[in-house]
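Quick note on labels: first sequence line is chain A, next is B, and so on, each numbered from 1.
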Number of protein chains: 2
Amino acid sequence: MVTNGTYERGDLFDPNCGTRLILDRIGDKWTALAVLRLQHGPLRFTELRDGIGSVAPKVLTQTLRRLERDGLLTREVFAEVPPRVVYDLTPMGRSLIGPLTAVSDWAEEHINAITTAQGQYDAGS
Amino acid sequence: MVTNGTYERGDLFDPNCGTRLILDRIGDKWTALAVLRLQHGPLRFTELRDGIGSVAPKVLTQTLRRLERDGLLTREVFAEVPPRVVYDLTPMGRSLIGPLTAVSDWAEEHINAITTAQGQYDAGS
DNA sequence: CGGAATCCAGCGGGATACTG
DNA sequence: CAGTATCCCGCTGGATTCCG
């Protein structure tokens, strides 16, 4: 597996390495979901909320604000009545879809095996 | 982007879908790090702990036990004095390295852009 | 409609001390 | 060495209510 002498390309042991920071971010409960929901085009707040499940509005707002702050999505407000706010991924946000999908695919493929393994482990195997 | 009618291959809106479950798992503070540290071969408890940073032993144990329960790593105990315990990835655990590396690579590539975006956002841009 | 404000509980995670 | 046993804190995330 190790063809050259390099370890993880970064410094995983360093708490400030990129991987740690990003993992803390997309590892939270809704971030990855929000990004994946937006991969097919812009959505409004309510569409996002309904599509994702039962997220408290406060929590969804937090998630979206963080993503906006990180430059991964844009938030466009239309001064209308009733108000309309549209969220969309930035190019950088879109570039995250690939890696995220890789993990998601892996999850779908192995979720059954994992559940089985858990059952055996709990059975005192 | 949507060439056919399918959304995410799973049912992301279902709290019980694989992606959600896995993300909750590898999204925690140490799991992904532990897996990545083990990609080059088996390690002992202390080697894992020293390599990863400052993890409280209790927390590292929790992480490793969960991974063992999920069938992602093996825990082999040698009845010696002093005791020796070796952790190693299972084939399934090894198959997670790819997706994890994809995310990790993305993180290393974009961490600077993200930090910059945060700075601008905080500047009230 | 798209939040903001408030309150709150749980638990993930850390520090420390001890043990087979 | 490789944990276990306690204690404890903060923060994430949830429920609810109200507002422009």
Side-chain angles (χ1 to χ4, degrees), chain A residues 12-16 19-35 37-38 42-70 73-88 121, chain B residues 12-16 19-35 37-38 42-70 73-88 121:
Chain A
L12 278 175
F13 52 92
D14 177 6
N16 283 14
T19 300
R20 294 277 284 268
L21 260 20
I22 298 304
L23 240 38
D24 284 350
R25 176 92 351 146
I26 69 170
D28 73 357
K29 198 163 186 181
W30 305 108
T31 296
L33 254 27
V35 172
R37 290 285 315 171
L38 282 169
L43 291 176
R44 305 176 58 172
F45 187 86
T46 310
E47 295 172 328
L48 227 22
R49 179 170 55 81
D50 295 344
I52 274 181
S54 57
V55 207
K58 189 199 71 173
V59 177
L60 183 56
T61 299
Q62 282 177 352
T63 303
L64 295 172
R65 287 291 199 284
R66 261 196 307 251
L67 282 168
E68 189 192 0
R69 186 172 106 99
D70 290 347
L73 65 73
T74 58
R75 175 173 177 271
E76 192 172 5
V77 183
F78 295 87
E80 310 168 354
V81 221
R84 186 162 58 98
V85 179
V86 173
Y87 294 91
D88 196 6
Y121 186 94
Chain B
L12 277 175
F13 52 91
D14 176 5
N16 283 15
T19 301
R20 295 278 282 269
L21 261 21
I22 297 304
L23 239 40
D24 284 351
R25 177 90 352 146
I26 68 170
D28 74 357
K29 198 162 183 180
W30 305 108
T31 296
L33 254 27
V35 171
R37 289 285 312 173
L38 281 169
L43 290 176
R44 306 176 57 172
F45 187 85
T46 309
E47 294 172 328
L48 228 21
R49 179 169 55 80
D50 294 345
I52 274 181
S54 57
V55 207
K58 189 198 71 173
V59 176
L60 183 55
T61 300
Q62 283 176 354
T63 303
L64 295 172
R65 287 290 201 283
R66 262 196 306 251
L67 283 169
E68 188 192 359
R69 186 172 106 100
D70 290 346
L73 64 73
T74 57
R75 176 173 177 272
E76 191 173 6
V77 184
F78 295 87
E80 310 170 351
V81 219
R84 187 162 57 99
V85 179
V86 173
Y87 294 90
D88 196 8
Y121 186 94

Answer whether the closest heavy-atom distance between the side chains of [X] and [Y] falls below 4.5 Å.
X       : Y       : answer
B/Arg66 : B/Asp28 : yes
B/Asp70 : B/Arg25 : yes
A/Asp88 : A/Glu76 : no
B/Trp30 : B/Arg37 : no

Under 4.0 angstrom between [X] side-chain N/O and [N] OP1 or OP2:
X       : N     : value
B/Tyr87 : D/dG3 : yes
A/Arg44 : C/dG2 : yes
A/Arg75 : C/dG3 : yes
B/Arg65 : D/dA2 : no
A/Thr46 : C/dC1 : no

Between [atom2] of [N] and [atom1] of [X], the distance in whole Å:
X       : N      : atom1 : atom2 : value
A/Leu48 : C/dC1  : CG    : P     : 15 Å
B/Phe45 : D/dG3  : CZ    : C1'   : 6 Å
B/Gln62 : D/dA5  : CD    : C1'   : 12 Å
B/Leu60 : C/dG12 : CG    : P     : 16 Å
B/Leu64 : D/dC1  : CG    : C1'   : 15 Å
A/Glu47 : C/dG3  : CD    : C1'   : 16 Å
B/Phe78 : D/dG3  : CZ    : P     : 13 Å
A/Arg25 : D/dC11 : CZ    : C1'   : 13 Å

#### Entry: Among B/Thr63, B/Ile26, B/Leu67, the one residue meeting side chain to side chain contact (heavy atoms under 4.5 Å, CB included) with B/Val35
B/Leu67
### Query
Ignoring hydrogens and angles, does a donor from either the side chain of B/Lys58 or the base of C/dG14 sit under 3.5 Å from an acceptor on the other?
yes
### Task
Check every strand shown and say whether A/Val85 touches a base, only sugar-phosphate, or nothing at a heavy-atom separation below 4.0 Å.
sugar-phosphate
## Note on the structure
Of the candidates D/dG3, D/dG14, C/dG13, the side chain of B/Pro57 sits closest to D/dG3
### Task
Identify which nucleotide among D/dA2, D/dG14, D/dG3 has an atom closest to any side-chain atom of B/Pro83, counting heavy atoms from C-beta outward.
D/dA2
